[in-house]
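Every chain is numbered from 1, with letters handed out A, B, ... down the list of sequences. Computed from heavy atoms alone, side chains included, the values below leave out hydrogens, waters and symmetry copies.
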Number of protein chains: 2
Amino acid sequence: MNLIDFLKNIVPFTPEELADITAHFERENISKNNTLVREGQVCTKLYFVKKGVGRSYYLKEDGKEVTQWFFIEGKFMSSIESFFQQTPSLYYLEVLEESVLYSITRENLDLLFARYHNMEKLGRLLSTEMLTRVVNKLNAVQFQTARERYDYMLTEFPYISSRVPLGSIASYLGMTQETLSRIRRGDTSKKI
Amino acid sequence: MNLIDFLKNIVPFTPEELADITAHFERENISKNNTLVREGQVCTKLYFVKKGVGRSYYLKEDGKEVTQWFFIEGKFMSSIESFFQQTPSLYYLEVLEESVLYSITRENLDLLFARYHNMEKLGRLLSTEMLTRVVNKLNAVQFQTARERYDYMLTEFPYISSRVPLGSIASYLGMTQETLSRIRRGDTSKKI
DNA sequence: TCCACTATTTGACATAGGTCAAAGGAAAGC
DNA sequence: GCTTTCCTTTGACCTATGTCAAATAGTGGA
């Protein structure tokens, strides 16, 4: 997914706006398993994923990683709260595959927000879209069985299960790796 | 909390902008236990809660109500997804106390978004703020024990526990009313 | 003030999913 | 082609929280 096409699909930017906006992004090629942000750091960039997969996660006291979100092609990726509030990140942000990202700094983004009414609109629309997604996940996690949550995930991130380790998916879904493994095996009716 | 003060605190609107914006809101006095939106209806308005408390909830197949969110004084309230995507609401929206709301329709809000760059900014900021809150709840619900979730709720909605029925809070927290009751009793260490 | 509801608490018991430990598989480096 | 390490599966057992049912406590209305 191309950044320009992505932007055009959401808000009817003029060609001049598009040119100026994309000029503020920088292409970055990131190799597999690279960490972009660590816990405690302030996240300075917002990334558009042109190719690859990323995830945000945090460490529980016992040292276990808990996946917070996956970021696939054609989505923006960041430690959102840290980036927007400029506070230390609670999360790690990492790339799980060889990836191509387009990044923009907070200052440049603010500049574009201030410069273009359309840009502000883009921000609002993307933010409400993300809000909807998070609410969906919340409902899945809060009120569904482990198996139903797995089904939810397949709709939210269709192809991810073959691309990322099972443990990352399990913690994203709020279950253990063992449980997810048993679900995948497919013993539906029997007790898991 | 006054609507004008609330708006001014977030974005530096001009007095003219503020006057025009607030002129598009309508005051509504709603009596206790009134339902504003039903499942399947498209939610036509966004409400600012000047006084009172509201909540959104949905009905599970077995007929049990599950609280999705509480809306307290000084917050915007709506069946958000329905309002912004103009799709049938998955949720009921109701007022739990005698309340004073300021409402705006989708058309008027879009008009203001289009008219004022600052308004678009307000939308973006409120949306990211809400996103942060939902993410916090998600983390609480997904990885904390029933007791910890209760503590989380006390920070998110400090005074709500005395204002709304225990069952509504329990389902908001993803636990049964019995469990919440036992937590409140305070048998911390012993098995609940 | 009493009644009729509705909301909350309590107890006994059931279970989904977690924990711990170990065994297979797959994959990366040499 | 081996070795080492990591990832996934499996089994046995455990626990937090759910379910069901009944007992109390609160509350608004007549």
In whole Å, what is the span from the [atom1] atom of [X] to the [atom2] atom of [N]?
X: A:Leu173; N: C:dA16; atom1: CG; atom2: C1'; answer: 16 Å
X: B:Phe143; N: C:dG18; atom1: CZ; atom2: P; answer: 10 Å
X: A:Ile183; N: D:dT9; atom1: CD1; atom2: C1'; answer: 14 Å
X: A:Gln144; N: C:dA16; atom1: CD; atom2: C1'; answer: 15 Å
X: B:Gln177; N: D:dT24; atom1: CD; atom2: P; answer: 18 Å
X: A:Glu178; N: C:dA23; atom1: CD; atom2: P; answer: 16 Å
X: B:Arg184; N: C:dA7; atom1: CZ; atom2: C1'; answer: 11 Å
X: B:Ile169; N: C:dA7; atom1: CD1; atom2: C1'; answer: 12 Å

Side-chain N or O of [X] closer than 4.0 Å to phosphate OP1/OP2 of [N]:
X: A:Thr176; N: C:dG17; value: no
X: A:Arg185; N: D:dT10; value: yes
X: A:Arg182; N: D:dA12; value: no
X: A:Thr179; N: C:dG18; value: yes

Check ion pair B:Glu65-B:Arg55 (N to O, under 4.0 angstrom) |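 Salt bridge: yes.
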Ion pair present between A:Lys50 and A:Glu28, side-chain N to carboxylate O less than 4.0 angstrom?
->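 Salt bridge: no.
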DNA chain D: 5'-proximal contact among B:Lys32 and A:Leu180 (nearest heavy atom) |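 The residue closer to the strand's 5' end, by nearest nucleotide, is A:Leu180.
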Please test A:Glu120 against B:Arg124 for salt bridge (Lys or Arg N to Asp or Glu O under 4.0 Å), starting from the C-alpha separation and ending with a verdict.
-> CA-CA 7 Å; A:Glu120 198 78 75; B:Arg124 176 173 63 83; 2.3 Å; yes
Name of the residue among B:Phe83, B:Phe6, B:Phe71 meeting ring pair (Phe, Tyr, Trp, His ring centres under 6.0 Å) with B:Phe76 =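 Per the ring pair (Phe, Tyr, Trp, His ring centres under 6.0 Å) rule, the option paired with B:Phe76 is B:Phe6, out of B:Phe83, B:Phe6, B:Phe71.
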Among C:dT8, C:dT19, D:dT17, which nucleotide sits nearest the side chain of B:Pro165?
->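 The listed nucleotide nearest to B:Pro165's side chain is C:dT8.
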Least distance between heavy atoms, B:Gly123 atom then B:Phe113 atom =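 That closest heavy-atom pairing would be CA-CE2, 4.0 Å.
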